[in-house]
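A quick write-up on the structure given underneath.
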Amino acid sequence: MIPGEHPSNISSVSTHTKRAVYGHYRGRCLELSPVLPSPSDWGWKRWSSQIWEPLPGASWVQLPSRQKMWLCSKTKPIKVSFGIGISKHDNEGRVITAEFEDVYVVTAYVPNSGRGLPRLGYRQGWDKDFTEYLKTLDNKKPVILCGDLNVAHKEIDLANPKTNTKTAGFTKEERQGFTELLEEGFVDSFRHFYPKKEKQYSFWSYMGNARAKNVGWRLDYFVVSERLVPKMCDSLIRPRVTGSDHCPVVLLLSL
């Protein structure tokens, strides 16, 4: 549930198949979630070229053709925008911003630096530009950022930190980019509530039976403006929800 109902529940899940997301939400679009598939062939009614309305059970979804994710909400946003206003980033369709009365909700699929780190330089530029974009929004009203941010911030956020220091998602450059975002007045909601809780992951490789062994990474986040901290009730990871190599994360707010 999104602003306008009490309490508010925002959920984020990264997945790669229609079956996975439909299995989780099953026609009851109660939460806002960045995912990859198009809903066009499983019960959604299109009423313009970019806006999709689910059949009974929810209210609103928007999806332009190039986006790598979509979002849905029980409350229709005041305004929705795509990208961050920089063409080299926006061509990849990685950001949707929904403006509500009291907050901006931003869902993002942050670029992966790739095996062997061929896109690390691009990722560093993205991090700086994306941080500036979030700061601009935050100057207007509080921000809730959710999605696959493709970084395990601290050693506690992945199972094998020692052997992954040169792996995409755990390089010093990516971790520093996330630190710099937090230093601009944002809070990692999960670590706010659980600063020392170990073995809490949202992604597991399909290789090596990693999920069963809980050899994972915490890559999916809710990051909020500092002034929203008093309104946070909890920040959760739902590892028992299957259907993807990622699991949902959930933010509970009192708005």
Side-chain angles (χ1 to χ4, degrees), residues 12-17 20-21 33-38 63-71 81-97 106-137 143 145-184 186 188 190 201-208 210-211 215-223 244-247 249:
S12 167
V13 60
S14 177
T15 183
H16 297 271
T17 67
V21 69
S33 309
V35 292
L36 299 182
S38 164
L63 175 76
S65 59
R66 72 179 183 277
Q67 287 300 130
K68 296 182 182 291
M69 77 284 289
W70 54 268
L71 65 82
S81 60
F82 302 94
I84 63 174
I86 300 175
S87 60
K88 67 178 180 179
H89 301 316
D90 295 348
N91 289 337
E92 298 194 5
R94 294 185 174 275
V95 178
I96 304 175
T97 301
V106 181
T107 178
Y109 178 34
V110 170
N112 190 305
S113 295
R115 188 181 298 273
L117 306 178
R119 300 198 80 196
L120 180 58
Y122 172 75
R123 168 64 182 272
Q124 290 177 270
W126 159 277
D127 284 346
K128 293 183 183 299
D129 292 338
F130 190 46
T131 295
E132 289 302 314
Y133 174 72
L134 296 175
K135 286 169 58 181
T136 298
L137 296 180
V143 173
L145 166 65
C146 62
D148 178 356
L149 304 190
N150 261 317
V151 62
H153 187 213
K154 302 289 187 180
E155 289 192 354
I156 195 175
D157 294 317
L158 72 166
N160 295 311
K162 303 300 184 184
T163 57
N164 280 293
T165 57
K166 296 184 179 181
T167 300
F170 196 62
T171 65
K172 63 182 180 180
E173 292 87 355
E174 292 163 312
R175 296 167 65 195
Q176 180 60 30
F178 191 75
T179 295
E180 291 173 2
L181 169 61
L182 300 183
E183 289 174 347
E184 293 293 344
F186 296 95
D188 175 351
F190 183 79
Y201 310 127
S202 66
F203 165 82
W204 303 262
S205 169
Y206 283 125
M207 298 183 292
R211 189 160 190 163
V215 179
W217 299 56
R218 188 171 72 95
L219 301 179
D220 302 87
Y221 292 76
F222 276 96
V223 174
S244 172
D245 50 358
H246 292 253
C247 74
V249 294

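These numbers come from a predicted model, not from an experiment.
- With a 4.5 Å cut-off on side-chain heavy atoms, Leu149 and Phe178 count as touching.
- Put simply, the side chain of Tyr206 gets close to the backbone of Asp245: a donor and an acceptor are under 3.5 Å apart.
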Subject >> Stepwise side chain to side chain contact (heavy atoms under 4.5 Å, CB included) test for Arg123 and Val110 >> reply: CA-CA 8 Å; Arg123 168 64 182 272; Val110 170; 3.5 Å; yes
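- Looking only at side-chain heavy atoms (C-beta outward), Leu182 and Val223 come within less than 4.5 Å of each other.
- Closest approach of Phe186 and Val143 over heavy atoms only: CE2-CB, 4.1 Å.
- Considering every non-hydrogen atom in both Asp127 and Gly177, the closest pair reads OD2-CA, 4.1 Å.
- Judged purely by atom type and a 3.5 angstrom limit, Thr171 uses its side chain to pair as donor or acceptor with the backbone of Glu174.
- The heavy-atom pair separating Asn112 from Ala168 by the smallest distance is OD1-CB, 3.4 Å.
- When all heavy atoms are compared, the tightest approach of Phe222 to Cys146 is CE2-CB, 3.2 Å.
- Between the side chains of Thr131 and Glu180, no donor-acceptor pair is found at a separation under 3.5 Å.
- Taking Lys154 as the reference, nothing meets the salt bridge (charged side-chain N to carboxylate O under 4.0 Å, His left out) condition, with sequence neighbours excluded.
- Going from atom CD of Glu184 over to atom CG of Leu134 covers 10.0 Å, rounded to the nearest 0.5 Å.
- Distance CH2/Trp217 to OG1/Thr167: 5.0 Å, rounded to 0.5 Å.
- Side chain of Ser202 to backbone of Leu219: a donor-acceptor contact under 3.5 angstrom is found.
- Under 3.5 Å, the side chains of Asp188 and His153 contain no donor-acceptor pair of N or O atoms.
- A donor-acceptor pair is defined here as one N or O able to donate and one able to accept, closer than 3.5 Å; no such pair exists between the side chain of Asn150 and the backbone of Gly169.
- Exactly one residue among Phe130, Tyr122, Phe82 makes a ring pair (Phe, Tyr, Trp, His ring centres under 6.0 Å) with His89. That residue is Tyr122.
- Taken to the nearest 0.5 Å, the CZ atom of Phe203 stands 10.5 Å off from the CZ atom of Arg211.
- Listed by chain and number, the residues in a side chain to side chain contact (heavy atoms under 4.5 Å, CB included) with Thr97 are Ser81, Val95, Tyr104, Val106, Tyr133, Leu137 (sequence neighbours excluded).
- No side-chain heavy atom of Gln124 sits under 4.5 Å from any side-chain heavy atom of Gln176.
- Between the side chain of Thr165 and the main chain of Pro161, no donor-acceptor pair closer than 3.5 Å is present.
- Across all their heavy atoms, Arg119 and Pro111 have their closest contact at NH1-CB, 4.4 Å.
- Nearest approach of Gly83 to Asp90, heavy atoms of both residues: CA-OD1, 3.1 Å.
- For the atom pair CD1 of Ile84 and CH2 of Trp126, the computed distance is 5.0 Å after rounding to the nearest 0.5 Å.
- With rounding to the nearest 0.5 angstrom, the OH atom of Tyr109 is 10.0 Å from the CD atom of Glu92.
- Residues Phe170 and Asp157 fail the side-chain proximity criterion, which asks for heavy atoms closer than 4.5 Å.
- Once rounded to the nearest 0.5 Å, the distance linking CG of Asp148 with OG1 of Thr107 reads 9.5 Å.
- Residues Arg175 and Val151 have side chains in contact (heavy-atom distance under 4.5 Å, counting atoms from C-beta outward).
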